[in-house]
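Right, one structure below, let's go through it.
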Protein chains: 2
Amino acid sequence: MSAITIKMLARELNLAISTVSRALMDSYEISAETKEKVHALARQLNYQPNHYASSLRRQRSKTIAVIIPEISNNFFSHVINGIEAIAQEKNYHVLIYFTHENQQKEAEVIQHLLSGRVDGILMSMAGNTSNIQHLHPIREQGIPIVFFDRICADLDAPTVTTDDFDSSLLATHHLMEVGCKKIAYLSISPHLSIDCKRMQGFQQAIATKNGNVASLLLPCSTDPQRNQELITNMLATEKPDGIFASVEKLAITSYHACASLGLAIPADVKILSFSNLETASLLNPALTTIIQPAHDMGKSAATVLFNMLEKRKTRNWERNTVIRSSMIIRRSTQIAR
Amino acid sequence: MSAITIKMLARELNLAISTVSRALMDSYEISAETKEKVHALARQLNYQPNHYASSLRRQRSKTIAVIIPEISNNFFSHVINGIEAIAQEKNYHVLIYFTHENQQKEAEVIQHLLSGRVDGILMSMAGNTSNIQHLHPIREQGIPIVFFDRICADLDAPTVTTDDFDSSLLATHHLMEVGCKKIAYLSISPHLSIDCKRMQGFQQAIATKNGNVASLLLPCSTDPQRNQELITNMLATEKPDGIFASVEKLAITSYHACASLGLAIPADVKILSFSNLETASLLNPALTTIIQPAHDMGKSAATVLFNMLEKRKTRNWERNTVIRSSMIIRRSTQIAR
DNA sequence: AAATTCTACGGAAACGTTTGCATAAAACAT
DNA sequence: ATGTTTTATGCAAACGTTTCCGTAGAATTT
């Protein structure tokens, strides 16, 4: 029936509540035989400590929050997996919140977490978050927070990212090597750290060809429908011969756009993308991808957070962790024969 | 700084704690002007109620748990999305747990949740869960639970599923219509409700051809590496001309296996699968899929749970909700010309 | 033998809420 | 003027833990 408590164990065993509590947490001041009796009864009655009482008393909850834009995104689901692996190991629990790329929602979630609900926060910023007023209370209350992937540069907090700039540089060079003369960069949101870094890498690569390779910048939205129109239109009017998709879903939309226009990949347009698609190699044509170490980023971010929680001074290498992505070249950027 | 409490508000305003508490929850017995003063100060100091104290006092936490096998699976990430949509609406919080298809882990999670940590549970069973001893305490303690997709038939609880049997029947008939004479069913786990239902639909369809169509049953594992070997071997020795993959990842593995053997899809082998892959239509060849209404299943399961929490008697139609899947025929099951 | 230290336990306060009950002051009825 | 209801507030107990402090009795030291 109703859950059983320490008080009930105490009454049953003719012991004080405090004694039972201490026995359960294996305190040194309780005799071996008392401990044994308490544990035996606890097991028998299937006693489970009340997490809320416990969290209230000690001022920590053994719970962390993960705040992400969305989950229907391979990158984030792999990150969560990594986070959960570490959390499980540490016996922590994970509350999950989606902002749906919405600053308002992001602010609400954070507002709620200010109450001491969680011991720490792992976060990746929403796409349309343009100012960070809502983040300041976090630092004021001293709640440990680690940003991953979409970081907040203006807030002093540890970050875990991938080498967006270098990977983009490399990828853009690759596009140029296979003959692209006019490359479009599909941007997801100018407010996002990752988008900026990737675009910078892209532009720097373009710049090395001083004028011999043209570049194009297409700002996309969060609405797939609208993106499809934007990309189709861009392909039809500007006729780029290369597309650099900053995120996975823009690559997919580009594939659809090409199909609708009858453009052949890679003959007419070459495409590559940051992506964690498991089916990249099975696409028609197989998609050249920059694979982010999503799982490792999750594990790493969680590890940094737990170090903060355990008050180990964050070592320098933990302030800004960078884990490298790797590019896998496939048919979507092959030189057409 | 440290979080601010009702007690501090009370002292500041020279009111009793109880008055402040009641003012904050808009109790009718507090005068309008007092309420106004309290709210003003609360806003000014950015007061956030302590969730743990509140949960301890009233005996509910406004939190639900979602227990799923894994997240790197399109189906489950869409379900989570649906669940979160409803939870957000109801101002509930979501704790997420992964069992990694492991009964042991599943038992541990449930064991912990018995403490009143959550008001309700949404669950999809782990692949290797063969007995359900660990589920009984849930019912004994009367914690509301709703199963979705991978249900537990032996436990009296509401379920939300898709029409696995009918969809499989339909899909298998489709395979036979396009000329398959020897069809392999790739099973993920015989302990799983969905696998059983799907296999039954498959077998029933085969049976209608009394002997004219051969069937094959390949039990797969949770290890992709091993599955690749199993499927490759099966393709090489048994030479089926059709594959019915019970879950998405087995279809992907089948594609790889065909590639490694140089088998053409759909000319040599036709393939279809239950799947929520967004890239199904972009695969080479495009994959015929039975698309589960994942998002709706999540929303529906959450809705049923909240109805239970709000003590509305579960109406009959809510005991076992079935939401239909839809098959989309693509090139992987086309008649080869 | 007296004084001190250990050992093992009990009592009670605290964590921050919510809520049943009590009660002054005000309003109304007799 | 006295009695009754209403209104707005305060007091204190609870929720189930953890932990500070106190203390019998046993063990040890002086």
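Chain naming here is simple, since letters A, B, ... match the order of the sequence lines and numbering starts at 1 in each. Source: prediction; values computed, not measured. Only heavy atoms go into these numbers, but all of them, side chains included; no hydrogens, no water, no symmetry mates.
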Item to check | Full working for salt bridge (charged side-chain N to carboxylate O under 4.0 Å, His left out) between B:Arg150 and B:Glu101 | outcome: CA-CA 11 Å; B:Arg150 302 158 163 218; B:Glu101 306 282 17; 2.8 Å; yes
Checklist entry - Does B:Thr161 offer a backbone N or O that forms a donor-acceptor pair with the side chain of B:Asp149 under 3.5 Å? => result no
Next on the checklist: If I take atom NE2 in residue A:His51 and atom P in nucleotide D:dC15, what distance separates them, rounded to the nearest angstrom?
Outcome noted: 20 Å
Next on the checklist: In this structure, how many angstroms lie between the P atom of D:dG16 and the CZ atom of A:Arg11, rounded?
Outcome noted: 11 Å
Checklist entry - Which of the following nucleotides, C:dT18, C:dC15, D:dG16, is nearest to the side chain of B:Ile6? => result C:dT18
Next on the checklist: Checking the side chain of B:Ser124 only, and the main-chain atoms of B:Phe148 only, is there a donor and an acceptor separated by less than 3.5 Å?
Outcome noted: yes
Checklist entry - Using a heavy-atom distance cut-off of less than 4.0 Å, which residues of residues 110-118 of chain A contact DNA chain C? => result none
Next on the checklist: Can you tell me whether the side chain of A:Arg57 and the base of D:dT17 have a donor-acceptor pair closer than 3.5 Å?
Outcome noted: no
Item to check | Whole-Å gap separating C1' (C:dA14) and OH (B:Tyr52) | outcome: 19 Å
Next on the checklist: Output the rounded distance in Å from CG (A:Leu24) to P (D:dG16).
Outcome noted: 15 Å
Next on the checklist: Between A:Arg117 and B:Ser55, does the side chain to side chain donor-acceptor pair (under 3.5 Å) criterion hold? Intermediate values first, please.
Outcome noted: CA-CA 11 Å; A:Arg117 174 83 198 254; B:Ser55 295; over 6 Å; no
Next on the checklist: For B:Ala53 and A:Met25, find the nucleotide of DNA chain D closest to each by heavy atoms; which residue's nucleotide sits nearer the 5' end?
Outcome noted: B:Ala53
Checklist entry - In whole angstroms, how far is the P atom of C:dT17 from the CG atom of B:Asn50? => result 5 Å
Item to check | A:Ser193 side chain vs A:Ile151 backbone, donor-acceptor pair below 3.5 Å | outcome: yes
Next on the checklist: Between C1' on D:dA14 and CG on A:Leu56, what's the gap in Å once rounded to a whole number?
Outcome noted: 13 Å
Checklist entry - For C:dG16, does OP1 or OP2 lie under 4.0 Å from any side-chain N or O of A:Gln59? => result yes
Next on the checklist: Under 4.0 Å, counting only non-hydrogen atoms across every strand here, what does A:Ser21 touch: a base, just sugar-phosphate, or nothing?
Outcome noted: base
Checklist entry - What's the CE-C1' distance between B:Met8 and C:dT17, to the nearest Å? => result 15 Å
Checklist entry - When every nucleotide of nucleotides 6-11 of chain D is labelled 5' to 3' by its protein contacts under 4.0 Å (heavy atoms), B for base, S for sugar-phosphate only, - for none, what sequence of letters results? => result --BBBB
Next on the checklist: Please report the distance, rounded to the nearest Å, between NZ in A:Lys7 and C1' in C:dG11.
Outcome noted: 14 Å
Checklist entry - Using 30° and 60° as the class limits, which term best fits the ring planes of A:His112 and A:Tyr97: parallel, tilted or perpendicular? => result tilted
Next on the checklist: Please determine whether a side-chain nitrogen of the Lys or Arg among B:Lys299 and B:Glu89 lies less than 4.0 Å from a carboxylate oxygen of the Asp or Glu.
Outcome noted: no
Item to check | Nearest-0.5 Å distance that lies between atom CD1 in B:Ile138 and atom CD1 in B:Ile110 | outcome: 4.0 Å
Next on the checklist: What verdict does the salt bridge (charged side-chain N to carboxylate O under 4.0 Å, His left out) test give for B:Lys7 and B:Glu12, after you've listed the backbone C-alpha separation in whole Å, the side-chain angles of each residue and the deciding distance to 0.1 Å?
Outcome noted: CA-CA 9 Å; B:Lys7 199 184 297 183; B:Glu12 190 73 23; over 6 Å; no
